[in-house]
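Notes to accompany the following structure.
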Amino acid sequence: MDILSGLNAAQKQAVQTTEGPILIIAGPGSGKTRVITHRIAYLVKTCGVSPDRIIAVTFTNRAAREMKERLEDLLGASVTDLTLGTFHAICARILRQRGQDIGIDRNFVIYDDEDQLNLMKQAIVDCGLDPKRYSPRAFLSAVSAAKSQIITPQQYGERAQSQFEKFVHQAYQRYQQSLAICKALDFDDLLVKAVELFNQSPETLSRYQSRYLHVLVDEFQDTNIVQYTFTKQVAGRYRNVCVVGDPDQSIYTWRQADIRNILSFEKDFPDARVFLLEQNYRSTKRILNTAQSIVSVNVQRKPKELWTENEEGSPISVVESYDEEEEARFVAAEVERLLKEGKTTLKECAVMYRVNAQSRALEEAFLRYGIPYRLVGGTRFYQRREIKDILAYLKLIDNPHDNVSLKRVINAPARGIGQRTVDSLWQWAKGSGMSVFDALALVGDASGGSPFTGRAQHALAEFNTLVRNLTDKSKTLNATDTIDLVLDQTNYKNYIMDDEDGEERWENILELRTVARQYNSSGSNGGLSSFLEGVTLVSEADTYDDKENVVTLITLHQAKGLEFAVVFIVGMEEKLFPHARAFDNVSEMEEERRLCYVGITRAKKLVYLVHAQRRTFLGATTANPPSRFIDDIPSDMIKTILTSPVASVSNWGPPLQSFVPQTDAIERARIRLDLHPGDHVRHTKFGEGVVVGFSAARGDEEITVAFKDVGMKRLLLAYAHLEKVE
DNA sequence: GCCTCTGGATTTTTT
DNA sequence: ATCCAGAGGC
């Protein structure tokens, strides 16, 4: 019975109760993933359930990947038969297979945020509204909120009260029409249409219901109404549905996650067994108690007491720094110290913050100290312009109706097709009931009513030839070769290399080719569709790599589901964390609290809560009191640290030679400092000087500087505390 | 049609 | 501080 060994009583019960609906409330570090994976293994190995009759749904690809890896250890190869993936990926697959029943093209594309925004902007204009006055983003989130509750445009209209809602209603209708014309679905549609398919086609529903004997849903507190509806539909026949979640870790209600689903579950499945996993295996007693003291202030909360057999542990360090620079410096120096004392490794450390903008000061400090780090998130790979351009070409090849992609690439690289020309092309196509793609082929045909002459006509005709050429030639090519074809035919490299950071952009494109390679095996152009779907449905958080030995810089939101020995939470100040926008809303304030709870419970051994006396943000310096969350921690849990105010002014402390920096850290230091021979620099100790040159030394890079006062000095670049003087 | 300048906004972002 | 979109000039 090795599947059950090592599980505690509650975990065992949760694994062994295989019949009927069950709800598992799983605190942080309580072995949630362990329970899910062992439950699946138990079903397969002990109960003899065929893996293809199990569906396990997660929210992130990262969670899906982790689950898959753990299952491979437990089960071996049969994991491939299991349906395991995100809601979106699973629904996309269902719609590819059966979506035709409700009029969805097999080749539909999936529109990401940017595509959606383009379409919505156009929809607003089409409704005769001014997109400056009516923010497309606001409309889009209203539409997304509606979709996540399965509210159709029509239903939305019936309920619309305010003028805003009435306008949203119009735009929503229009937006859906545009999606249909483009044969595109947005993220929310994947869910909504799957549910609609099940509603409209009882045979299809019954097919899936009969197949899935067991349904498992992870992070159930983050489900919205559509996702819950989908879950109920799939589980409708056998009712062996197991949902796992923790209301205290619900931090995505602003994305329409609905904690009420947990209550609804108990109502929809009155016979549901409920299991509580309250033993924590991750954190010290102090960490766990601190986290609970913060979250238990919440009123809208079902009480739950976590406990651990782990040691008492060190006190929580509450650190006050002078400003955000000193804060960052403290973190870097503390990581350095812990490392030197052998208390931790780089990859065991994480720095968490409320907003992405806070990462800059941290990055700078880590660069100066030469401590390798990885920033999670930031500008996302798949949202970079050059990547989106190439993907738009591919999408267009895959689906000629995709007008958003067509518009994107029609003048990238620039080929003399401007806004006016684009507008009249769209007008003409719409007026004569053609798709834009078809209209494009007729631009030279004056008898067909083409409004184009001269230069514009020529440019459009050229573009048409290009696109037809790409479409024809790519038919027999795999994903990588199709990318190469696009690059070649559009001369994209030259275009991108004109750019200031063209080199980097080109490397991104090469990276995209690498990603595409793994889809090549799907054979000819089938690979292209699955490649496109794959890249649209992944996020940057998935690139988090726990094997790389570097410090992790991450937002609190993205940190959910991870664990580290040492956690620094920086920016623990009122109006930053809790965020200013949460102040006039009790529910939002409670969500901030949960977010803090999530952050603290990521830690195994040490927690630092750092706040700064003043902080420069958006160009203005403000002073805010320490976060109220700190006040909620019992004082015997805390050790207060004041960083030296003197140290904050200009002293970066002595160079830290104990640490050998990675080469990429040096390179980044060089890029960040942007130093070249001849530049004037200032050093905190040596004063002003001129950069003489760079040289390789001991595997590192040295910078040679001629200082006014102390003469020529050689400094290790990664450690040189140099400031450029203009 | 392309380039540059200015003004507005800037929480979090599983997909 | 900084990034982006749209307006207006060349």
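To find a chain, count down the sequence lines: A is the first, B the second, and so on, and within it residues start at 1. Every heavy atom of this structure was used, including side-chain atoms; hydrogens, water molecules and symmetry mates were not.
- Among the heavy atoms of the strands lying under 4.0 Å from T421(A) are primed sugar atoms or P, OP1, OP2 only; no base atom is included.
- Checked against dT14(B), dT12(B), dT15(B), the side chain of F59(A) finds its nearest nucleotide in dT14(B).
- Ion pairing between a basic and an acidic side chain is recognised when a charged N comes within 4.0 Å of a carboxylate O; E324(A) and R329(A) show no such pairing.
- The side chain of F187(A) sits closest to dT15(B) out of dT11(B), dT15(B), dT13(B).
- For the pair Q419(A) and A357(A), nearest-nucleotide mapping onto DNA chain B gives the more 5' position to Q419(A).
- When distances are taken from the side chain of K121(A) to each of dT10(B), dG1(B), dG6(C), the shortest belongs to dG6(C).
- Salt-bridge check for D389(A) with R408(A): passed, with a basic side-chain N closer than 4.0 Å to an acidic carboxylate O.
- Residue R354(A) places a side-chain atom within donor-acceptor reach of the base of dT12(B), judged by atom type and a 3.5 Å distance cut-off alone.
- In the set dT11(B), dT12(B), dT2(C), the nucleotide with an atom closest to the side chain of R581(A) is dT11(B).
- Between the CG atom of L117(A) and the P atom of dT13(B) there is a distance of 17 Å, rounded to whole Å.
- Backbone-only engagement by N411(A) is indicated by non-hydrogen atom pairs under 4.0 Å involving sugar-phosphate atoms exclusively.
- Counting non-hydrogen atoms under 4.0 angstrom, R420(A) reaches the backbone sugars and phosphates but no base.
- Distances shorter than 4.0 Å separate some side-chain N or O of T555(A) from OP1 or OP2 on dT13(B).
- Closest to the R255(A) side chain, of the nucleotides dA7(C), dT14(B), dT12(B), is dT14(B).
- The interatomic distance linking F87(A) (CZ) with dT15(B) (C1') rounds to 12 Å, in whole Å.
- Counting only heavy atoms from C-beta on, H579(A) has its side chain closest to dT11(B) among dT13(B), dT11(B), dT15(B).
- Between the CG atom of L375(A) and the P atom of dT13(B) there is a distance of 11 Å, given to the nearest Å.
- Stacking here means ring centres nearer than 5.5 Å and ring planes tilted less than 30 degrees, and by that measure H557(A) does not stack onto dT12(B).
- For K193(A) and E196(A), the salt-bridge test passes: some basic side-chain N is under 4.0 Å from an acidic carboxylate O.
- Proximity of the aromatic rings of F164(A) and F139(A) is defined here by a centroid distance below 6.0 angstrom, and this criterion is met.
- Classified by interplanar angle (parallel below 30°, tilted 30° to 60°, perpendicular above 60°), the ring pair Y495(A)/Y492(A) is perpendicular.
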